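Following: one structure in structure tokens, then a few remarks.
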Amino acid sequence: MECIAQNIHMDVLRCKIESQFTLEQDCNVGDSKPDLTHILLSDAFIKLEEVRPGNGEVTLRGKLCYRLLYSSEDCFGSLHTLQGKIPFEECLQVPDLNVADHPMITIELEHLQIHPINSRKINVRALMLVNGTVEDISDAVLCYDLVDCREEMQLHHTEQKVLNLNVMKKEICRIREEAKLTASMPELKEILWEQTQVCNLTFQPLEDKLLIKGELSLLLLYLSADEHESIECFETMIPFQSALDCTGCKEGLIPHITYSVSQKSFEILPDVDGLERIIGVDLVLDLCVKLYEEISLSLIDDLYGIQSELVPEYTTYPIKKLSSNTIAKMRFEKDFSLNSSDNILQVKCTKALLCLQRCVPASEGLEMEGYLSLQILTVTDDDRFPYRIQKAEIPFNYCVAANGSLEKMLYEISANLESCQVTPASGDTFTLKCQACFDVFAYSEEELSSLSEVKVSSYPKQVSDNIAGISVYYVSESSSLWEIGKDSLVPLQKIRDLNSLSSDTLIPGQKLLIMR
């Protein structure tokens, strides 16, 4: 007998890619730059240009794009920038990988150290953390009815909610926006340092399109174009919106999307009056896109025949069930002391890194612990080298609410620091205010048996002979109407009608009349 079923597409993890490698190189300070005395701020991002799978291996090719802010003794402690790119090519052994696979890989910068060798040369050392997955798309054929199902067949259904994978792909989102200086600020001459954070990012599935909305938090340290050539700090929020073509996308899908910044550049642009007061921002996000649909099905999990014996066969499939899809905002405020010997006059800007160390299921959800690594650019009373870096690590803990059984829960977390501000409080005490975003996609993986075939045959004579034509059944605590009907080979509706039952709920000690 033929089953009526629905195909559920699933992403099944075949293998994980976890590795790390070190990149180290000595780099020269350009001839046009003054001598380097003190490195104040440094950071980098990774541009992954090629992922080339092979049999049992994968080759990664890209660049580490680094930059630093430094002071120079030749220019009485003035600030300058230095940036460069270090290419890399790394081959990783992945035994289960094939040439035709499409691994989803990200590279994170776990540790960066840039220190001066001399006034014209620096050493860049980076520890790169590689994470990736190789996933196969498979189908689960879930039966919810039978073709030509007749009245003498009794079917028992159970309600199931499963995740169906509609879209899995890599995408690129390019953000091009402009920000204008406030009227009270002097014109731009040179951008010394910038920090950008993607904030309030949302993904809205539409018909064959993916709408992306968010804000860019921009902090700019720049050299003014006036006669004083002062160092100014400018902060603003830039809203953005982008729509990507996405075949198979539709409204109501559940997005599970991770991203990383693979490219960013800034330029000084003139305004309508010809004054250089506009900052052009060009940012590229590499997206790993998965879009799910939560489907509710009433699946056949048992059956019996009144006149004919029905022999079911089942197939077991791995399926995903959604536990939680949550975006949680942690707003964090704390006073702390730097214990610095410098006489700090002003805080210019703060470079912050969110480090998530531990995440475990707790009674109320997912308990996260970590710390904020701060590098604070300050102005001191030292006339020769007024700019100094103060460092601090501020611990935090935060709980994200999650539904479902925590013991069986699997989860993927994207943690992003959206804003961070350090201001003087009193003496050597400072106040930290920050906002972090935790995007939690929690789910469970279960084995689900689905009816795949039904064979119809005649009942053996001894089965028919052993079933009474009329009987009285005494309900016990473990009794169910389904089991009574199945054992007696009587239609459920007939039992309901004979006993005037308005529901299938039975009471222990209740007497039921059963008639064949």
Side-chain angles (χ1 to χ4, degrees), residues 41-51 62-69 81 83-86 104-109 112 126 128 169-181 188 190-204 209-222 233-246 255 257-271 276-289 327 349-354 414-421 434-437 439:
L41 294 172
S42 62
D43 70 2
F45 68 92
I46 299 162
K47 183 174 178 59
L48 184 58
E49 297 174 331
E50 183 184 8
V51 177
K63 293 184 179 72
L64 175 73
C65 304
Y66 69 87
R67 60 173 182 153
L68 55 91
L69 180 71
T81 58
Q83 54 189 349
K85 298 177 181 179
I86 303 175
M104 307 278 269
I105 290 180
T106 60
I107 304 181
E108 296 179 9
L109 186 62
L112 175 71
M128 324 272 267
K169 62 189 299 190
K170 294 180 180 178
E171 271 291 357
I172 291 176
C173 175
R174 187 158 201 162
I175 304 167
R176 287 178 173 170
E177 297 292 342
E178 294 180 354
K180 188 175 182 179
L181 294 178
L188 293 138
E190 180 187 354
I191 296 174
L192 298 173
W193 187 260
E194 55 72 25
Q195 292 176 187
T196 51
Q197 300 287 347
V198 180
C199 308
N200 303 316
L201 191 62
T202 61
F203 300 96
Q204 183 181 356
K209 285 189 181 298
L210 182 63
L211 184 62
I212 303 172
K213 292 182 181 180
E215 294 178 302
L216 291 179
S217 171
L218 173 64
L219 184 148
L220 202 69
L221 202 65
Y222 73 92
C233 185
F234 171 65
E235 292 184 73
T236 189
M237 297 289 287
I238 308 172
F240 68 87
Q241 179 173 311
S242 180
L244 303 179
D245 292 334
C246 186
I257 302 173
T258 58
Y259 69 92
S260 60
V261 177
S262 64
Q263 181 178 320
K264 58 180 177 178
S265 61
F266 301 82
E267 60 177 331
I268 300 172
L269 302 171
D271 62 11
E276 294 190 324
R277 304 183 59 80
I278 295 178
I279 306 103
V281 182
D282 191 350
L283 203 69
V284 175
L285 304 180
D286 288 349
L287 308 176
C288 291
V289 179
I327 296 178
C349 67
T350 302
K351 179 179 179 290
L353 181 65
L354 179 70
S414 298
N416 297 291
L417 186 63
E418 295 192 335
S419 64
C420 182
Q421 186 179 34
C434 73
Q435 178 172 292
C437 175
D439 190 345

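Scope of the values below: all heavy atoms of this structure, side chains included, with no hydrogens, waters or symmetry mates. All of these numbers come straight from a predicted model, not from anything done at the bench.
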TODO: Check step by step if side chain to side chain contact (heavy atoms under 4.5 Å, CB included) holds for Cys434 and Leu354.
DONE: CA-CA 10 Å; Cys434 73; Leu354 179 70; over 6 Å; no
- [ ] Give a yes or no on whether Gln83 atom CD has more than 12 heavy-atom contacts from other residues, nucleotides or ligands under 6.0 Å away.
- [x] no
Open item on the list: So which atom in Ser414 and which in Thr258 form the shortest heavy-atom distance, rounded to 0.1 Å?
Closed with: OG-CG2, 3.6 Å
- [ ] Report the distance from atom NZ of Lys213 to atom CZ of Phe240, rounding to the nearest 0.5 Å.
- [x] 11.5 Å
- [ ] Provide the closest heavy-atom pair for Ala352 versus Cys420 in the form atom of the first, atom of the second, distance.
- [x] CB-SG, 3.6 Å
Anything under 3.5 Å between a donor and an acceptor, one on a side chain of residues 261-269, the other on a protein residue two or more places apart or in another chain? List them.
residue	atom	partner	partner atom	Å
Ser262	OG	Asp286	OD1	3.1
Ser262	OG	Asp286	OD2	3.4

Task: Minimum heavy-atom distance between Leu210 and Cys246, given as atom pair plus value - done: N-CB, 4.2 Å
- [ ] Find out whether Ile279 and Leu181 are in side-chain contact, i.e. whether some heavy atom of one side chain is under 4.5 Å from a heavy atom of the other.
- [x] yes
Task: Any Ser217 side-chain heavy atom under 4.5 Å of Met237 side chain - done: yes
Do any side-chain atoms of residues 191-199 form donor-acceptor pairs under 3.5 angstrom with protein atoms, and if so which ones, sequence neighbours left out?
residue	atom	partner	partner atom	Å
Trp193	NE1	Gln195	OE1	3.1
Glu194	OE2	Arg67	NH1	2.9
Gln195	NE2	Thr350	O	2.9

Open item on the list: As a quick check of understanding, evaluate side chain to side chain contact (heavy atoms under 4.5 Å, CB included) for Lys47 and Val284, giving each step before the final call.
Closed with: CA-CA 10 Å; Lys47 183 174 178 59; Val284 175; over 6 Å; no
TODO: State, with a plain yes or no, whether a side-chain heavy atom of Cys437 is found less than 4.5 Å away from one of Leu201.
DONE: no
Task: Taking every non-hydrogen atom, the tightest pair across Ile172 and Leu244 - done: O-CD2, 3.7 Å
Task: From CD1 (Ile46) to CD1 (Ile107), nearest 0.5 Å - done: 6.0 Å
- [ ] Would you indicate whether the side-chain heavy atoms of Ile175 and Ser242 approach each other to under 4.5 Å?
- [x] no
Open item on the list: Please give me the minimum heavy-atom distance between Asn200 and Glu418, naming the atom from each residue.
Closed with: N-OE2, 2.9 Å
Open item on the list: When you compare the side chain of Leu221 with that of Leu69, does any pair of heavy atoms fall below 4.5 Å?
Closed with: yes
Task: Inter-residue atom distance Asp439.CG - Tyr259.OH, 0.5 Å rounding - done: 9.0 Å
Open item on the list: How long is the straight-line distance from CG of Leu417 back to CD of Gln435, given to the nearest 0.5 Å?
Closed with: 9.0 Å
Open item on the list: In the structure I gave you, are the side-chain heavy atoms of Ile212 and Ile257 within less than 4.5 Å of one another anywhere?
Closed with: no
TODO: Output all residues satisfying side-chain hydrogen bond (donor to acceptor under 3.5 Å, both in side chains) with Glu171, sequence neighbours left out; order by chain, then residue number.
DONE: Lys169
Open item on the list: Is it the case that the side chain of Gln241 and the backbone of Leu211 share a donor-acceptor pair, with hydrogens and angles ignored and the cut-off at 3.5 Å?
Closed with: no
Task: Worked verdict on Asp245 versus Lys209 for side chain to side chain contact (heavy atoms under 4.5 Å, CB included) - done: CA-CA 5 Å; Asp245 292 334; Lys209 285 189 181 298; 2.7 Å; yes
- [ ] Working to the nearest 0.5 Å, report the span between CD of Glu276 and CG of Asp271.
- [x] 9.5 Å
Open item on the list: Looking at every heavy atom in both Cys173 and Leu287, which two are closest together, and how far apart are they?
Closed with: CB-CD1, 4.0 Å
TODO: Nearest 0.5 Å please: distance from the SG atom of Cys349 over to the CG atom of Leu41.
DONE: 5.5 Å
Open item on the list: For a 4.5 angstrom cut-off between non-hydrogen side-chain atoms, does Asp43 reach Leu109?
Closed with: no
Open item on the list: For Lys85, is the NZ atom crowded, meaning more than 12 foreign heavy atoms sit under 6.0 Å from it?
Closed with: no
